[in-house]
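Okay, so here's the structure we're looking at.
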Amino acid sequence: MTSSGEQCFSGGLDATIQWWNIPSSNVDPYDTYDPSVLAGSWTGHTDAVWGLAYSGIKNLLLSCSADGTVKLWNPTEKSPCISTFNTNREYGIPTSVDFNGCDPAHMVVSFNSGDVVSASPHINKVVSHPTLPVTITAHEDRHIKFYDNKSGKVIHAMVAHLDAVTSLAVDPNGIYLMSGSHDCSLRLWNLDTKTCVQEITAHRKKSEEAIYDVAFHPSKAFIASAGADALARVYL
């Protein structure tokens, strides 16, 4: 989602990135599809797009794909792809990407090899704290880990769920961390104390998978989750 909330981006198994204009909240969902909702379509990747991250400061988009590459995009350019990284799969296949919250001129990327800023088990999601030099990762072995961006060292690690941790989100104020897991739960963590302050059983398992993604609204008191049960849920 862009910082204005007027546009969003999506990545798909068809290797494309779609750029969308958000319709008015008053639109009738049963109206005929309006082609102007689609603002653009990019085909720079050659395999499924796993992750996207948008910087409202730089107005740039990052993407990572099963083709092994990480790409930087400027949506306003005629040729929007600015740079491509990991072309030769030096670090493996990227699984998640984010802009560094303290310095959006830098990015953090996790790989299926377990690399992010040091070695660790398979990483499903990486996020950067919006104000502190901290990177947070979600792991297949049920852990959440916190890294110091300057030293690359793990500064805290914890078993956070009963199954693989699949998704993370930090609230815009940098106070809370939300995690989602294949154990069907969302958990809200106080980032200062690293303690769980709320747990929500949110989705049903399907093929041994449950929650795929979680998100905070950028300005309102809403959180959301998407699951293997084909449901998207919004919580107040």
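Since we're looking at a predicted model, the values are computed, not measured.
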Nearest 0.5 Å, please: how far is [atom2] in [Y] from [atom1] in [X]?
{"X": "Cys196", "Y": "Leu186", "atom1": "SG", "atom2": "CG", "value": "10.5 Å"}
{"X": "Ser185", "Y": "Leu162", "atom1": "OG", "atom2": "CG", "value": "7.0 Å"}
{"X": "Glu77", "Y": "Ile82", "atom1": "CD", "atom2": "CD1", "value": "6.5 Å"}
{"X": "Ser167", "Y": "Lys125", "atom1": "OG", "atom2": "NZ", "value": "8.0 Å"}
{"X": "Asp67", "Y": "Trp50", "atom1": "CG", "atom2": "CH2", "value": "10.5 Å"}
{"X": "Ser63", "Y": "Ile17", "atom1": "OG", "atom2": "CD1", "value": "3.5 Å"}

[X] versus [Y]: any side-chain heavy-atom pair under 4.5 Å?
{"X": "Lys78", "Y": "Asn74", "result": "no"}
{"X": "Glu6", "Y": "Ile22", "result": "no"}
{"X": "Met1", "Y": "Phe9", "result": "no"}

Quick one: do Leu72 and Leu60 satisfy side chain to side chain contact (heavy atoms under 4.5 Å, CB included)? Show the steps, please.
CA-CA 7 Å; Leu72 181 66; Leu60 298 174; 4.0 Å; yes
Mind checking whether Phe99 and Leu52 sit in one hydrophobic cluster, side chains of I, L, V, M, F, W, Y counted as touching below 4.5 Å?
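Result: no, two separate clusters.
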What's in the same ILVMFWY side-chain cluster as Val234, cut-off under 4.5 Å, chained through other members?
Phe222, Leu236
Checking Asp171, Val214, Asn190, Ile136 against Leu177 for side chain to side chain contact (heavy atoms under 4.5 Å, CB included), the one that qualifies is Ile136
Is [X] atom [atom1] crowded by more than 12 heavy atoms from other residues, nucleotides or ligands, each under 6.0 Å away?
{"X": "Leu231", "atom1": "CG", "value": "yes"}
{"X": "His106", "atom1": "NE2", "value": "no"}
{"X": "Tyr212", "atom1": "OH", "value": "yes"}
{"X": "Lys194", "atom1": "NZ", "value": "yes"}

Please verify the inter-ring angle class for Phe111 with Tyr91; under 30° counts as parallel, over 60° as perpendicular, anything in between as tilted.
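It falls in the tilted class, 30° to 60°.
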Do His122 and Asn124 pair up side chain to side chain, a donor and an acceptor below 3.5 Å, judged on atom types alone?
yes
I'd like to know if the side chain of Arg187 reaches the main chain of Gly180, judged simply by a donor and an acceptor atom lying under 3.5 Å from each other, with no hydrogens or angles considered.
no
